[in-house]
Amino acid sequence: MNRVITIDGPAGSGKSTVAGKLAKRLAFVHLNSGALYRAIACRAHSEGVSLEDEEAVLRLAQQMEFSFVVDENSQTRVLVGGRDIASEIATNEAGKKASLVAVLPKVRSVLTEVQRRVASESSVVVEGRDAGTVVFPDADCKFYLDADVEIRAERRHRELIQAGEGEAGLSREEVLSDLRARDERDENRSVAPQKPADDAIVIDTSSLNVDEVVDELIARID
Ligand code: DC
């Protein structure tokens with residue numbers, strides 16, 4: 001029987017790295033749902049579609065063919081129409097745009113179905129904002145990672161510098177202010193807001209490194 005482990009939480013809480021490592025330890029597929037929202041937002045932007053035009057963004061989302069490959073770091077990369085879009089969607093700008101399309105209920109439904117399809121084919125560690133509340137309410141194990149916003153900004157800033165991607169010039173303060181704006185929008189939207197499921201285990205990762213978080217999750221799963 002396929003298993004589902006959900007990891008929700010805000011940007012910079014450590015979800016992606018932790019979910020990737022946990023999936024590797026368990027030999028599950030790592031499904032990064034944020035990458036799906038980012039992919040749709042980037043496609044809409046490149047085609048000149050307004051991120052507020054729900055019907056137009058929905059049409060794009062329905063046309064996009066998502067597939068997944070596991071890379072050398074055991075992270076699942078999203079392919080759109082067979083093309084690896086990892087570097088396009090990794091930017092701070094893509095995260096902001098994703099947060100805008102993520103308020104559109106019809107787009108959320110399409111991506112909820114995509115995630116459920118992947119989980120019907122293999123055991124998954126899925127990371128997102130509503131994985132435990134909406135997409136997989138009956139998940140085997142639910143986690144919510146959180147951390148102090150200043151620490152999350154520091155982490156995101158470091159990642160952006162490492163990624164290069166022309167955003168190395170973004171200051172830590174700019175990253176912090178973008179992150180606060182995203183938190184505000186993600187937590188307060190009417191559909192599937194970012195919040196822990198009632199039965200989620202909440203872990204504050206502020207003072208933990210990645211391996212400590214993964215060990216904690218494994219201990220809780222056991
Ligand atoms: O996890 P991330 O930074 O890649 O997510 C980018 C944005 O997408 C985030 O600000 C909110 C949105 N998102 C969402 O609403 N629901 C998800 N399951 C995943 C991401």
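Note that the structure is predicted; figures quoted are calculated from it, not measured. Read the numbers this way: they start at 1 and go in the same order the structure lists the ligands and their atoms.
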Check this for me - ligand 1, S33, N or O atoms closer than 3.5 angstrom, yes or no?
yes
Return each pair, listed once, that meets salt bridge (Lys or Arg N to Asp or Glu O under 4.0 Å) where at least one residue sits in residues 48-66; pairs must be two or more places apart or across chains.
E55-K106
Please work out whether any backbone atom (N, CA, C, O) or any side-chain heavy atom from C-beta onward of R129 is under 4.0 Å from ligand 1, and answer side chain, backbone, both or neither.
both
Does K15 approach ligand 1 within less than 4.0 angstrom via side chain, backbone, both or neither, non-hydrogen atoms only?
side chain
Would you call D186-K195 a salt bridge at under 4.0 Å N-O?
no
Taking only Lys NZ, Arg NE, NH1 and NH2, and the carboxylate oxygens of Asp or Glu, determine whether E184 and R180 approach each other closer than 4.0 Å.
no
Min N/O separation R108 to ligand 1 under 3.5 Å:
yes
Quick one: nearest non-hydrogen protein atom to atom 10 (O) of ligand 1, plus distance?
D186 OD2, 2.7 Å
Atoms in ligand 1 with a heavy atom of S99 nearer than 4.0 Å
7 (C), 10 (O)
Closest protein heavy atom (residue, atom, distance) for atom 12 (C) of ligand 1:
A102 CB, 3.7 Å
Taking atom CG as the centre, does N188 end up with more than 12 heavy-atom neighbours from other residues, nucleotides or ligands that are less than 6.0 angstrom away?
yes
For ligand 1, which atoms, with element, lie under 4.0 Å from some heavy atom of D130?
18 (N)
Residue pair N92, K96: steps toward the side-chain contact (heavy atoms from CB on, under 4.5 Å) verdict:
CA-CA 6 Å; N92 193 55; K96 275 202 243 180; 4.1 Å; yes
If you scan protein heavy atoms around atom 20 (C) of ligand 1, the nearest is G34 CA, 3.6 Å
Using the rule given for side chain to side chain donor-acceptor pair (under 3.5 Å), can you reason through S16 versus E127, listing the C-alpha separation, both sets of side-chain angles and the distance that settles it, and then say yes or no?
CA-CA 7 Å; S16 293; E127 57 161 304; 3.1 Å; yes
Sub-3.5 Å N/O-N/O distance, R189 and ligand 1:
yes
Please list, chain by chain and in numerical order, all residues satisfying salt bridge (Lys or Arg N to Asp or Glu O under 4.0 Å) with R152, sequence neighbours excluded.
D183
D8/K15 salt bridge by N-O under 4.0 Å criterion:
no
Identify the protein heavy atom lying closest to atom 4 (O) of ligand 1, giving its residue, its atom name and the separation to 0.1 Å.
R38 NE, 2.7 Å
When distances are taken from atom 7 (C) of ligand 1, the protein heavy atom at minimum range is A98 CB, 3.6 Å
Atoms of ligand 1 less than 4.0 Å from G128 heavy atoms?
18 (N)
The protein heavy atom nearest to atom 3 (O) of ligand 1 is R182 NH2, 2.5 Å
Sidechain N-carboxylate O distance under 4.0 Å for E150, R172
yes
Consider every N or O of E127 and every N or O of ligand 1, then say whether any pair is closer than 3.5 Å.
no
Tell me whether R156 is salt-bridged to D178, with the criterion being a basic N under 4.0 Å from an acidic carboxylate O.
no
